[in-house]
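Below: one structure, written as structure tokens.
Just so you know, residue 1 is the first one in the sequence shown, and it goes up from there.
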Amino acid sequence: MARAAGGDGPADGTDSPNRTDRTDRTDGADGAEGVPGHAVEEIAAAWQRERPGTPVSSIGVVTPLWQLAKLFGDDRRRVLTAAGMDVATLDLLSVLRRAGSPYTLTTRELAARSLVSAGAVSQRVARAERDGLVTRRPGTGRPRSVLVELTDAGHQRVEATVDDVLGREAELLGGLSAEQQEQLAGLLRLLLADVRRRLGDDERLTQVGLLPQ
């Protein structure tokens, strides 16, 4: 039987006979990280019972988001490990690939698009260059600029890894119809934009589409 994204139970959501109950784990006011989905309503009801007037409407939204983020994050890390790819290198190669032909950016542009420091970009580029995935050369115009270009090997590597990652995540979303996925994506876009506006957060993404952690 297929396993769920987090490896904690069957893909159909039923409990494994060897599964350890984790409902006693707490993380924040709703005590919800690791809590089975069916317990979310119980958590909200308990707070209402014990503290009438407590605003609990967020629990049914935020708790599943936390659970899904962990499940998808853990599963993506497993896919990357199997592909022999680390998160930082995927981020670098993906940014270069999405830039389009000739798949070349300055280190300053890479830092801005990856939301990391110049030092972190230098480390990523050095590692990828050592593996033959990128090359770097002095840029023209701006003093001390460095151009980083995706090699043929890097192009093939990022294409294969992106196919692995996005293919796996499409599989995990298979329980929703195309229409349901479109509706959910629309609602999540609205929520994400509004929360970012309220927090003054940046809207750029890294990797294949994963927010920095």
Side-chain angles (χ1 to χ4, degrees), residues 1-28 30-40 43 59-98 113-116 120 124 127-128 131 133 154 156-189 191-192 195 201 203-213:
M1 178 179 290
R3 304 291 292 180
D8 291 324
D12 62 4
T14 58
D15 288 338
S16 166
N18 296 321
R19 181 176 180 177
T20 301
D21 186 358
R22 295 178 297 169
T23 58
D24 58 340
R25 289 176 51 188
T26 60
D27 182 31
D30 60 10
E33 178 154 347
V35 172
H38 63 78
V40 173
I43 292 171
I59 293 177
V61 175
V62 176
T63 297
L65 288 177
W66 278 115
Q67 293 173 318
L68 286 167
K70 185 177 189 309
L71 290 170
F72 275 89
D74 288 349
D75 194 75
R76 179 177 284 200
R77 281 185 282 275
R78 282 191 288 271
V79 171
L80 293 181
T81 298
M85 177 74 73
D86 62 85
V87 171
T89 301
L90 176 60
D91 188 17
L92 172 67
L93 300 184
S94 294
V95 170
L96 287 169
R97 177 63 183 85
R98 292 197 305 264
R113 298 188 188 193
S114 299
L115 304 178
V116 297
R124 293 180 177 189
R127 185 164 58 247
D131 293 339
L133 304 177
Q156 293 173 6
R157 188 75 179 278
V158 70
E159 295 266 301
T161 305
V162 167
D163 285 345
D164 288 343
V165 169
L166 297 186
R168 171 59 174 166
E169 290 174 357
E171 177 186 341
L172 295 178
L173 291 173
L176 299 179
S177 68
E179 181 180 0
Q180 288 173 324
Q181 290 184 37
E182 184 177 354
Q183 291 173 342
L184 178 59
L187 291 172
L188 290 174
R189 280 194 298 270
L191 177 61
L192 184 58
V195 171
D201 194 23
E203 293 187 358
R204 290 169 292 183
L205 299 177
T206 62
Q207 286 189 51
V208 180
L210 178 68
L211 289 169
Q213 300 191 15

| request: Check Leu92, Leu96, Leu90 against Val158 for a side-chain contact (heavy atoms from CB on, under 4.5 Å) and give me the one that passes. | output: Leu90

| Which atom names give the shortest non-hydrogen contact between Arg168 and Val79, and what distance separates them? | CG-CG2, 3.8 Å

| Sequence-distant partners of Ser177, side chain to side chain contact (heavy atoms under 4.5 Å, CB included), two or more places apart | Glu179, Gln180

| said: Please find the pair of heavy atoms, one from Leu173 and one from Gln181, that lie closest to each other, and give the distance. | reply: O-NE2, 3.1 Å

| request: Please name all residues satisfying side-chain hydrogen bond (donor to acceptor under 3.5 Å, both in side chains) with Arg124, sequence neighbours left out, ordered by chain then number. | output: Asp91

| task | Hey, could you give me the CG/CG distance between Leu80 and Asp75, rounded to the nearest 0.5 Å? | result | 9.5 Å

| query | Which heavy-atom pair separates Ala88 from Arg127 by the least distance, and what is that distance? | reply | CB-NH2, 3.6 Å

| Does Asp86 have any side-chain hydrogen bond (donor to acceptor under 3.5 Å, both in side chains) partners at least two apart in sequence or in another chain, and if so, which? | Thr89

| How would you list, by chain and number, every residue that makes a side chain to side chain contact (heavy atoms under 4.5 Å, CB included) with Leu188, sequence neighbours excluded? | Leu65, Leu184

| Which atom pair, heavy atoms only, marks the closest approach of Gly60 to Val40? | CA-CG1, 3.8 Å

| Contacts of type side chain to side chain contact (heavy atoms under 4.5 Å, CB included), residue Gln156, not counting sequence neighbours | none

| task | Applying side-chain hydrogen bond (donor to acceptor under 3.5 Å, both in side chains), name anything that partners Glu159, two or more places apart in sequence or on another chain. | result | Arg97

| message | Please enumerate all residues that pass side chain to side chain contact (heavy atoms under 4.5 Å, CB included) together with Ala120, with sequence neighbours excluded. | response | Val116, Ser117

| OG1 of Thr161 to CG of Leu93: how many Å apart, nearest 0.5 Å? | 7.5 Å

| request: Would you check, one step at a time, whether the test salt bridge (charged side-chain N to carboxylate O under 4.0 Å, His left out) holds for Lys70 with Asp74? | output: CA-CA 6 Å; Lys70 185 177 189 309; Asp74 288 349; 2.7 Å; yes

| message | For a quick test of reading the model, state the closest non-hydrogen atom pair linking Ile59 to Pro64 and the distance between them. | response | O-CD, 3.5 Å

